[in-house]
Every structure is written in C-alpha cells, then in structure tokens.
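Below you'll find the structure, written out as structure tokens, and then a few comments.
As a basis for the values below, the full set of heavy atoms in this structure was taken, side chains included, without hydrogen atoms, waters or symmetry mates. Naming: A, B, ... by sequence-line order, numbering from 1 per chain.
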Amino acid sequence: RRPRVGKTHAAAPSAPTAKTDPAIDTLCDTLREMEARGTRGTLTLPGGVRVPVGNLHKVFWPAPGLTKGDLVRFNLRMSAYLLPGVTDRPLVMKRFPNGIDGKSFYQHRAPDQLPDGVRVAMVRESPDRPTTGVPYLIGGTLQTLVYMAQLAVISQDPWFSRVPHIEQADIVALDLDPMPDTPFTRVLEVARWLHDELERLGTPCVPKTSGSSGLHIHIPLPPGTPYDAGLIFCQILATVVASRHPKAATVERMVKKRPPDVVYIDYLQNIYGKTLAAAYSARASTFAGVSTPLTWDEVHDGLKSGLAPQDFTMQSIFKRVRVVGDLWARLRTSTPADLRAAFRYVD
DNA sequence: GACGGAA
DNA sequence: TTCCGTCAACGCTGT
DNA sequence: ACAGCG
Ligand SMILES: [Mn+2]
Ligand SMILES: [Mn+2]
C-alpha cells in the first residue's frame, strides 16, 4: 500500500465551498425565463455588460437531453472554478452549432465585434515566425464564458501559457488517452505509475478526468520555463513509464502501431499553440462529461471504488464540487519542482 | 452562429 | 423580414 | 509534397 502523503483529507474542502454568488443565481433565473418564453434575449452581467443569447432550446447533448441553454447555465454556475484556469490564456474555439453530433469546426480568430469585457490579444501561431499573429480570445471573464457558449463553443481549451509571456508555459500535462479496447482501470494504473515517478522527483501534480474517456495529469512549472523544457520533461516521464510497462502504455504516435488495449501517454500537447480542455470545462462527449479534478487517493483506489469517467457530468459535478471543493487549486498553490531532476533518468 | 446581400 | 451562401485552424512528424 | 495526428 502506498504511504499516504500529507493529511488524510476530510477536514475542510480545499477551497470555497462557498463559491456561490447571488448574482449568478439571478442570471440563471433570467435564463430560465427566456427558456420558458422560448425567446432569445440578453443577459446583463455584473458590471452591466450585455451578452445576447439565443437558440437556448437546441439540444446539444441528445443522450442526456441537455441544451444550449444548459451550457450557458453550466458556464455561469461553474464560473468561479472555471475562470482561474483560463485567465490570461489564449483560447482555441471548437464550435458545435448543431450539437455534439453535428458538424463542428475550429476557430482561432476572434470575431470582429465583441461584447464589452471579452478580451482579445494578438498571438502568433508559431513563436519563431515574424507575423503579427491573429486576434485570440483571452479567458478570464464571465462575459467570455457566456459569449463562447452563445457561439456554441462547448469546451474551454486554453493554451499552456499566458499573455504577455506567451512563449513560456506555466503548466505541462500528461494526456492519458485510452485506445478503443483499453479498460479504464488500466488508465488508472498508468496514472498511478506516473504519479509515483513524479512523487519521487518531488514534483507536484494533480489528476483530473478529461471529461471524455481518459485522464489528464497537470504539473506546475517554474516561472520562465520555455515550452521545449516542459515538453522534454514530459517526454522523459512518459517514455520511462511506457517502456517499463509496454503492455499497458505507449508513446507511439502512429495510431496503427499502438496496441488496441493500451494507454497512449500523449506528451505532445505541451507545444506552443496546443491545448487541453480546462479543469471544470464541459465536454462534447456523449454523456456531457466534465473535466473533473480528482484526488490521488481516488485514482489509487479507483479500481476498488469503481471510479468511472461517465460519472462526472454536467448534471453531477455541482454536488461533488460542493463536497470536495476546488481540488485544482493545489496546482496554483504548490511550489513547482526543478525539471532537471528528470534528466537523471536519461540512459 | 454571424454576417451581408438578394429576394 | 426572410432566405441563402459563405466563412470559421494549425504545426509537427514521418514517409 | 503529402498524409496522419491531436
Ligand atoms: Mn486526451
Ligand atoms: Mn491526446
């Protein structure tokens, strides 16, 4: 049995259980009225900014029967948890105007006319090319969350760096992607191995469900870390674990060459311009999953307890968050480790 | 989904 | 007013 | 140059 690190948590939720805001409740009431009336309308956000919303009845997730209105409501109610993870970060939009089963498309360039308080910054698509870049939406305000829902953007997909230091990642992530025949217990197993290694290196790390079928492990970086350094750190970790457990994990890039029942440890997201769904973000998965922070105890005990990603949804998440608080806050409060520790693996 | 131009 | 067409990403890697 | 990848 793994020795327990730190206290057995039970005492106080790691943060604001009380991230409840009367202004948000009022907005949700207004939204309900618009839905009942079957009209489009305008939400007036704190600060007086007006954001038009419409097509609230349109079904975006057929299986649970959730609508575009449910997405707007989700972003409103989750905003206190969602915003810290997107603040100052360029956001890649993937739009689903006809729900998760309709045709979707990516969009980087922000529209010309935006509601007040929706931030935009010129960002280069590649760091070493002399372009002026394109106007990206920058996360951080409630207006942006509501506006993006109106554009039928389902998930919040932030960069790993923040303006204005856009070439320096402040976080890296290991993206655990199960192949079609991979049982989720195996994903948990691989996550556990990665956690054990990271703990040996003294590196803080926090797991979450992806909101689809996999897991993400995020690691805070020391200030000023270039993308390349974070990428190599993750490459080393992923490669060490994959070569130690070839029947369970791989870093093989080509889908055809991956066994159908292993976990692809995708470390290649840690590149300038790439993204991963933010913590507490809704996802375009059939079951309306939410990318949900977990404790390492939940990951380690997941087989016994029957942990399943499908249990963390737009409908279920609020109850959980009220109980466990903001598990993702640790990512911002813990001291990043020296990445050079990982280089002793190199052989 | 937003927008501009045609019907 | 309604209808309709058009537009909405990208860079890295391997072959 | 082009296909595969996320
Ligand atoms: Mn993934
Ligand atoms: Mn991936």
Reckon [X] touches a base, only the sugar-phosphate, or nothing at all at heavy-atom distances under 4.0 Å?
{"X": "A:Arg40", "value": "nothing"}
{"X": "A:Lys58", "value": "sugar-phosphate"}
{"X": "A:Arg124", "value": "nothing"}
{"X": "A:Val134", "value": "nothing"}
{"X": "A:Asp266", "value": "sugar-phosphate"}
{"X": "A:Lys68", "value": "sugar-phosphate"}

Would you say the ring centers of A:Phe318 and A:Phe74 fall short of 6.0 Å from each other?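 Between A:Phe74 and A:Phe318, which both carry aromatic rings, the centre distance is below 6.0 Å.
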
Any chance the rings of A:Trp61 and A:Phe287 have centres within less than 6.0 Å?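 They do not qualify: ring centres at least 6.0 Å apart.
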
Between [Y] and [X], is there a salt bridge with N-O shorter than 4.0 Å?
{"X": "A:Asp88", "Y": "A:Arg119", "result": "yes"}
{"X": "A:Arg89", "Y": "A:Asp170", "result": "yes"}
{"X": "A:Arg109", "Y": "A:Glu125", "result": "no"}
{"X": "A:Arg332", "Y": "A:Asp326", "result": "yes"}
{"X": "A:Lys68", "Y": "A:Glu35", "result": "no"}
{"X": "A:Glu189", "Y": "A:Arg192", "result": "no"}

Span of DNA chain B, from the first to the last nucleotide whose atoms fall under 4.0 Å of chain A heavy atoms: B:dG1 to B:dA2

Provide, to the nearest angstrom, the distance between the [atom1] atom belonging to [X] and the [atom2] atom belonging to [N].
{"X": "A:Tyr106", "N": "D:dC5", "atom1": "OH", "atom2": "P", "result": "14 Å"}
{"X": "A:Arg253", "N": "D:dA3", "atom1": "CZ", "atom2": "P", "result": "16 Å"}
{"X": "A:Lys256", "N": "D:dC5", "atom1": "NZ", "atom2": "P", "result": "8 Å"}

Can you check the distance between D:dG4 and C:dA9, where both ends of the measurement are the C1' atom (answer in whole Å)?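 Looking at atom C1' only, D:dG4 and C:dA9 are 16 Å apart.
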
Please state the P separation for the pair B:dG1 and C:dC10 - nearest whole angstrom. 23 Å

Could you say whether A:Pro97 or A:Lys274 is positioned toward the 5' end of DNA chain C, judged by the nucleotide with the nearest heavy atom to each?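 That would be A:Pro97.
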
DNA chain C: A:Tyr272 or A:Met254, which has the more 5' nearest nucleotide? A:Tyr272

Would A:Met148 end up clustered with A:Val120 when hydrophobic side chains under 4.5 Å apart are linked, directly or stepwise?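 Same cluster: A:Met148 reaches A:Val120 through Ile, Leu, Val, Met, Phe, Trp or Tyr contacts under 4.5 Å.
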
Flag yes if A:Phe343 and A:Leu174 sit in one hydrophobic cluster, no otherwise; membership is Ile, Leu, Val, Met, Phe, Trp, Tyr, and two members link when side-chain heavy atoms are under 4.5 Å apart.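 Linked within one cluster.
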
Nucleic acid contacts of residues 108-121 of chain A, taken as heavy-atom distances under 4.0 Å to DNA chain C: A:His108, A:Arg109

Give me the first and last nucleotide of DNA chain C, going 5' to 3', that has any atom under 4.0 Å from a heavy atom of chain A.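 Contact boundaries, 5' end first: C:dA8 to C:dT13.
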
When you measure from the centre of the six-membered ring of A:Trp159, is the NZ or CZ of A:Lys274 closer than 6.0 Å and no more than 45° off the axis? no

Taking the six-membered ring of A:Phe105 as reference, does the cationic atom of A:Arg95 (NZ for Lys, CZ for Arg) lie under 6.0 Å from its centre and within 45° of its axis?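 Ring-cation test returns no.
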
